[in-house]
Protein chains: 2
Amino acid sequence: MTEKPLILVTNDDGITAPGIRALIEVMKELGDVVVVAPDSPQSGMGHAITINSMLHLERVYIDEGNQEEYSCSGTPADCVKLAVREILKRKPDLCVSGINHGSNSSINVIYSGTMSAALEAGIEGIPAIGFSLLDYNYNANFEVAKKYAKTIAKNALENGIPEQVVLNVNVPNLPEKDMKGIKVCRQARANWEEEFDKRQSPQGKDYYWLTGKFVNLDHGDDTDEWALENGYISVVPVQFDLTAHHAITTLNTWDFNKT
Amino acid sequence: MTEKPLILVTNDDGITAPGIRALIEVMKELGDVVVVAPDSPQSGMGHAITINSMLHLERVYIDEGNQEEYSCSGTPADCVKLAVREILKRKPDLCVSGINHGSNSSINVIYSGTMSAALEAGIEGIPAIGFSLLDYNYNANFEVAKKYAKTIAKNALENGIPEQVVLNVNVPNLPEKDMKGIKVCRQARANWEEEFDKRQSPQGKDYYWLTGKFVNLDHGDDTDEWALENGYISVVPVQFDLTAHHAITTLNTWDFNKT
């Protein structure tokens with residue numbers, strides 16, 4: 001009999017968030033699950049790691065079942081590092097992160113703690129997938145997302161994921177009957193137009209809250225934004241070799257003897 | 001007479017770090033300088049942004065000169081967002097981040113606050129460069145790095161930087177006579193082999209410190225690691241479209257009807 005797959009589960013909304021509880025539930029159908037996730041919400045943490053402070057790690061018991069769970073005081077990337085070096089007895093067959101409460105499509109991949117955990121696993125040579133549902137509510141319904149997470153994770157376990165690539169999966173907030181299926185896409189070009197809400201403290205000191213709106217600058221029908229708007233689950237292969245190879249030739253025309 | 005270039009300067013080591021003071025000095029030779037930088041060190045912050053807390057921004061006067069300086073309680077990416085939306089009267093012609101105390105070559109680009117500031121500017125359509133010196137010391141000698149930062153920034157102002165690309169510049173810690181020049185490179189494939197230093201608090205609770213060693217897995221002579229080891233300043237064009245386009249065909253062979 002072959003060994004069951006070992007699956008590492010993490011997220012950025014914190015270990016008690018409904019999204020990770022849903023993901024743990026579905027991953028237990030596919031393998032042995034170990035959870036190492038932040039003890040508090042870490043949204044927008046990007047690929048932060050903790051280098052100037054210590055990390056706490058604690059065995060916790062949240063839901064029933066034979067999964068092993070640890071809560072960690074660090075960032076999502078810290079959780080993966082600690083799992084790999086200190087907790088897991090062997091390299092996991094898969095690392096899944098999420099299910100995030102809210103979108104990580106397009107440029108959001110850069111700011112996403114969910115995706116940074118997946119990227120960290122990818123850097124370690126572990127097949128990895130980040131899952132997000134386009135619903136920020138704490139009480140979002142993860143049932144449809146769970147079904148697709150299972151299908152995609154099963155494919156990853158059976159086929160492997162191309163080397164140095166991790167998957168960014170986003171699920172539209174739709175009832176199952178309106179879902180059109182899964183679409184492999186590229187990252188849409190987009191940015192955030194921030195508006196800072198400027199206020200004054202009781203002591204008269206200015207402060208700001210970051211708010212803003214997402215602007216899709218890309219009208220291609222092969223992008224994740226197009227897929228999500230049209231009822232598809234988007235799957236974007238993401239790489240951590242950030243080299244813009246196409247720009248090397250141009251830069252080689254620069255005159256570096258200028259002073 | 002043409003307007004002088006407007007240059008935004010930021011970093012991740014904090015606004016009083018010697019590295020940013022050196023960068024400000026040299027950028028003042030090229031244009032009008034506005035500084036918006038973190039009020040405290042933000043190393044390893046990756047592309048974190050502050051969404052669950054407020055931001056303070058304060059006009060500060062550190063060195064002499066006509067640069068305008070603001071200290072910000074947020075991350076490097078926050079600093080760029082605040083600069084663009086709240087402080088600068090027009091879009092800057094260049095954003096430079098650094099000079100970082102320590103390397104941001106290879107996979108370090110992912111964890112780097114210095115580079116996340118440059119990437120944030122790039123996302124906003126501002127030509128941007130991150131500079132790092134391979135010397136972690138507070139009292140590092142930035143004189144040689146300053147010279148090369150000027151040359152590269154001058155090229156960027158004159159030629160522009162290819163769209164959707166930012167530059168990651170690393171300078172080896174060598175005296176000027178041993179510098180071989182500037183080399184445009186790709187990001188070396190590498191990772192960190194972490195070792196967690198496990199300790200116990202006086203109360204008997206375990207905690208960990210993240211330590212580790214950098215492992216270069218790439219022996220190409222066109223990489224940033226090769227350049228730095230051989231006495232060159234490395235310039236890597238970095239992109240924020242993370243799509244692994246080459247993996248799309250493979251993923252399209254997956255069977256998404258599996259349940």
Side-chain angles (χ1 to χ4, degrees), chain A residues 43-51 54-57 78 81-82 85-86 107 109-111 116 119 123-124 147 150-151 154-155 159 162 165 181-182 184 186-187 189 191 194-196 206-210 235-245 247-248 250-252 254-256 258-259, chain B residues 43-51 54-57 78 81-82 85-86 107 109-111 116 119 123-124 150-151 154-155 159 162 165 181-182 184 186-187 189 191 194-196 205-210 235-245 247-248 250-252 254-256 258-259:
Chain A
S43 295
M45 282 306 283
H47 211 96
I49 50 173
T50 304
I51 47 182
M54 62 183 180
L55 293 168
H56 284 295
L57 184 70
D78 291 331
K81 286 178 187 288
L82 269 168
R85 306 291 175 206
E86 290 290 323
I107 196 67
V109 67
I110 294 259
Y111 306 105
S116 80
L119 283 162
I123 294 167
E124 290 293 329
K147 189 188 129 181
K150 187 174 173 185
T151 298
K154 212 165 169 178
N155 267 280
N159 305 318
V165 168
I182 293 169
V184 181
R186 64 174 174 86
Q187 173 186 325
R189 184 172 178 183
N191 70 357
E194 286 84 14
E195 282 160 28
F196 284 93
D206 289 339
Y207 65 92
Y208 298 84
W209 285 98
L210 175 58
V235 177
V236 176
V238 167
Q239 61 194 355
F240 40 87
D241 172 3
L242 307 189
T243 312
H245 290 276
I248 289 180
T250 310
L251 294 174
N252 274 323
W254 284 17
D255 175 7
F256 290 129
K258 272 190 188 134
T259 47
Chain B
S43 296
M45 282 305 282
H47 211 98
I49 51 174
T50 304
I51 48 183
M54 61 183 181
L55 293 168
H56 285 293
L57 184 70
D78 291 331
K81 285 178 187 290
L82 270 168
R85 306 291 175 204
E86 291 289 323
I107 196 67
V109 68
I110 295 259
Y111 306 104
S116 80
L119 282 162
I123 293 168
E124 291 293 329
K150 188 175 173 185
T151 298
K154 212 166 169 177
N155 267 280
N159 305 319
V165 168
I182 293 169
V184 181
R186 65 175 174 85
Q187 173 186 325
R189 184 173 179 182
N191 70 357
E194 287 83 12
E195 282 161 29
F196 284 93
K205 203 174 165 184
D206 289 339
Y207 65 92
Y208 299 84
W209 286 98
L210 175 58
V235 177
V236 176
V238 167
Q239 61 192 355
F240 40 87
D241 173 2
L242 306 190
T243 312
H245 291 275
I248 289 180
T250 309
L251 293 174
N252 275 323
W254 284 17
D255 175 8
F256 290 129
K258 272 190 188 136
T259 47

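Since we're looking at a predicted model, the values are computed, not measured. In what follows, every chain begins at residue 1, and chains take the letters A, B, ... in the order their sequences are listed.
Distance check: Leu242(A) CG to Arg186(B) CZ gives 13.5 Å after rounding to the nearest 0.5 Å. Expressed to the nearest 0.5 Å, how far CG of Leu119(B) lies from CD1 of Ile110(A) amounts to 5.5 Å. Considering OH of Tyr207(B) and CG of Leu55(A), their distance stands at 11.5 Å, rounded to 0.5 Å. Atom-to-atom distance recorded for Leu82(B):CG and Phe196(A):CZ is 3.5 Å, nearest 0.5 angstrom.
Counting heavy-atom pairs closer than 4.5 Å to chain B, the top-ranked of the candidates Leu251(A), Val235(A), Thr250(A) is Leu251(A). Here Trp254(B) is the residue among Trp209(B), Phe240(B), Trp254(B) with the most heavy-atom pairs under 4.5 Å with chain A. When Val236(A), Ile248(A), Asp78(A) are compared by the number of non-hydrogen pairs under 4.5 Å with chain B, Ile248(A) comes out ahead. Taking His245(A), Glu195(A), Arg85(A) one by one and counting their heavy-atom pairs under 4.5 Å with chain B, the maximum is reached by Arg85(A). The most heavy-atom pairs under 4.5 Å with chain A, out of Val165(B), Ile182(B), Val109(B), come from Ile182(B). Note on Glu194(B), His56(B), Glu124(B): by heavy-atom pairs under 4.5 Å with chain A, the leading option is Glu194(B).
Under the 3.5 Å distance criterion, the side-chain polar atoms of Thr243(A) are matched with a main-chain donor or acceptor of Gln187(B). Asn155(A) contributes a side-chain N or O that, together with a main-chain N or O of Asp255(B), makes up a donor-acceptor pair within less than 3.5 Å.
Looking at Val238(A), both its backbone and its side chain come within 4.5 Å of chain B, counting heavy atoms on both sides. With a threshold of 4.5 angstrom between heavy atoms, Ile107(A) approaches chain B through side-chain atoms but not through N, CA, C or O. Residue Asp206(A) touches chain B through its backbone alone, counting heavy-atom pairs closer than 4.5 Å.
Across Thr151(B) and Phe256(A), no two heavy atoms sit closer than the pair CG2-O, 3.4 Å. Nearest heavy atom pair, residue Leu210(A) against residue Lys81(B), reads CD1-CD, 4.1 Å.
When the side-chain contact (heavy atoms from CB on, under 4.5 Å) test is applied to Gln239(B), the partners found at least two apart in sequence or on another chain are Gln239(A), Ala244(A), His246(A). By the side-chain hydrogen bond (donor to acceptor under 3.5 Å, both in side chains) test, Glu86(A) pairs with no residue at all, sequence neighbours left out.
Asp241(B) has its side chain out of reach of Arg189(A): every pair of non-hydrogen atoms, C-beta onward, lies at least 4.5 Å apart.
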